[in-house]
Amino acid sequence: MRAMTYPWNDYSGRLSLLKLIVFVALFGPASWTVLSFFLGWLEPRPFNEAIHQIGLWTIRLIFIALAITPLRRILQWSRLLVVRRMIGVAAFAYALCHLSLYTADQMFDIAKVASEIVLRIYLTIGFVAVLGLAALAATSTDAMIRRLGARRWQRLHRIVYGIALLAVIHFCMQSKLDLWEPTIMAGLYFWLMGYRLLARWLAVRGRLPLVWVAALGIAAAIATGLGEASYFAIAYHADPGRVIATNWSLMLGVRPAVVVLGLGLAITAGGALRTLLPLLAKRRAGFA
Ligand code: HEM
């Protein structure tokens, strides 16, 4: 008889602390939203506020799942792969909650929800992204991987790049005024896709050299700053030079380009430490 496998077990059926921590953490944001809802902290429009909170976590989880491949290569932490599927499935669960909350906010008037999805382009885009996540979640089991074959499964799962792009567009379109986090997400999307392209051409034994990781961080930050300046120039006729100059001051808070630069450089520093520390330890052992 086959032993029961739980989400926190690894492939050999043993408890994986990493999987257990991630599994529990994935319930965190949803539990916080439920608690806030019942304690009245989401007033005056609790459903709308809950839609926002769960929507934010849906896109964050999609991005965290997309970051697993670069992180495990740069930080040489191959075990990180064991949590990718769990995070991807959680992103789908959050997307379903987000859609359900929207339906609840529309008093469960399914005809109205359907017509809004057809008529409002940002909802159509969000809905296509949910359908894409559903396809990925449905084919995420070991049995489905075996049935499809590794190559076809991998090809199908590349639609996650399109889903993430649709999620960023949906986020930007609904945000109207406060584009701080959507702009960061767009910059991180540039980094995540850029990493995959560069790794395809320049990887050495599966790893992108750290100089390229650093260069990508800088390029993503520049693209984020230019994207933000272009948006304000087109939408509000703002002087692009002045928008770019805000990146050098903290008057308007930490700008998205600076956040993207910080994350890109932090990942590069993590990769450098991961390479240097074992070398230093070996050297010290040699002297001892
Ligand atoms: C994977 C798919 C989706 C993702 C990643 C996503 C993500 C988001 C995010 C990040 C926000 C903004 C949160 C904030 O600004 O605080 C948002 C808002 C919203 N989303 Fe989605 N969403 C998705 C699909 C959908 C679908 C299918 C619907 C409904 C049909 C929907 C309806 C809404 C609504 C109504 C808002 C709030 C708009 C407002 O208050 O003006 N989303 N979503």
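Just so you know, ligand 1 is whichever comes first in the structure, and atom 1 is the first atom listed for that ligand. Numbers for residues simply follow the sequence, beginning at 1. All values below come from the heavy atoms of this structure, side chains included, with hydrogens, waters and symmetry mates left out.
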Within a distance under 4.0 Å of any heavy atom of [X], pick out the atoms of ligand 1 and give their elements.
X	result
I117	30 (C)
F127	27 (C)
L133	1 (C)
A167	5 (C)
N48	40 (O)
A129	1 (C), 2 (C)
V130	2 (C), 24 (C), 27 (C)

For this session: Step through it carefully: locate the ring centre of Y94, locate the ring centre of W57, and say whether they are under 6.0 Å apart.
Result: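 Ring-ring flag for Y94/W57: false, centres at least 6.0 Å apart.
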Exercise. Distance-only, no hydrogens or angles: does the H98 side chain make a donor-acceptor pair with backbone N or O of I54 under 3.5 Å?
Worked result: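 Here the side-chain-to-backbone pair does not exist.
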For this session: Indicate yes or no for a side-chain donor-acceptor contact from Y189 to the backbone of Y161 under 3.5 Å, with no hydrogens or angles considered.
Result: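 Checking the backbone N and O of Y161 against the side chain of Y189, a donor-acceptor pair under 3.5 Å is found.
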For this session: Pick out which of R152, R147, H157 makes a side-chain hydrogen bond (donor to acceptor under 3.5 Å, both in side chains) with T139.
Result: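 When side-chain hydrogen bond (donor to acceptor under 3.5 Å, both in side chains) is applied between T139 and each of R152, R147, H157, only H157 qualifies.
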Exercise. Looking only at side chains, do E228 and T183 share a donor and an acceptor under 3.5 Å apart?
Worked result: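 T183 and E228 do not have a side-chain donor-acceptor pair below 3.5 Å.
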Exercise. Using a distance-only test with no angle check, is there a side-chain donor-acceptor pair under 3.5 angstrom linking Y195 and R73?
Worked result: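 No, no side-chain donor-acceptor contact under 3.5 Å.
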Exercise. Considering residues at least two apart in sequence or located in another chain, which fulfil the salt bridge (charged side-chain N to carboxylate O under 4.0 Å, His left out) criterion with R155?
Worked result: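 If we apply the salt bridge (charged side-chain N to carboxylate O under 4.0 Å, His left out) test to R155, skipping adjacent residues, there are no hits.
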Problem set entry | Residues forming a salt bridge (charged side-chain N to carboxylate O under 4.0 Å, His left out) with D178, sequence neighbours excluded |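 Per chain and number, D178 pairs via salt bridge (charged side-chain N to carboxylate O under 4.0 Å, His left out) with no residue.
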Exercise. Given H52, M185, Q106, R120, which has its nearest heavy atom closest to atom 14 (C) of ligand 1?
Worked result: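 Among H52, M185, Q106, R120, the closest heavy atom to atom 14 (C) of ligand 1 belongs to H52.
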For this session: Using a cut-off of 2.8 Å, find all protein N, O or S atoms closer to atom 21 (Fe) of ligand 1 than that distance.
Result: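 Those protein N, O or S atoms (cut-off: under 2.8 Å from atom 21 (Fe) of ligand 1) are H98 NE2, H170 NE2.
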Exercise. Hey, is CZ on F92 packed in by over 12 heavy atoms from elsewhere, all under 6.0 Å?
Worked result: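 Buried by this count: over 12 neighbours within 6.0 Å.
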Exercise. Of the protein's non-hydrogen atoms, which lies at the shortest distance from atom 41 (O) of ligand 1, and what is that distance?
Worked result: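 Answer for atom 41 (O) of ligand 1: K176 NZ, 3.1 Å.
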Exercise. What do we get for L166 next to ligand 1 when only non-hydrogen atoms under 4.0 Å count, side chain, backbone, both or neither?
Worked result: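 None of L166 does.
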Hey, can you pull the donor-acceptor pairs under 3.5 Å for the side chains in residues 35-44, sequence neighbours left out?
from	atom 1	to	atom 2	distance (Å)
S36	OG	W32	O	2.7

Exercise. L166 and I125: which non-hydrogen atoms are nearest, and at how many Å?
Worked result: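 Looking at all heavy atoms of both residues, the shortest contact is O-CG2, 3.3 Å.
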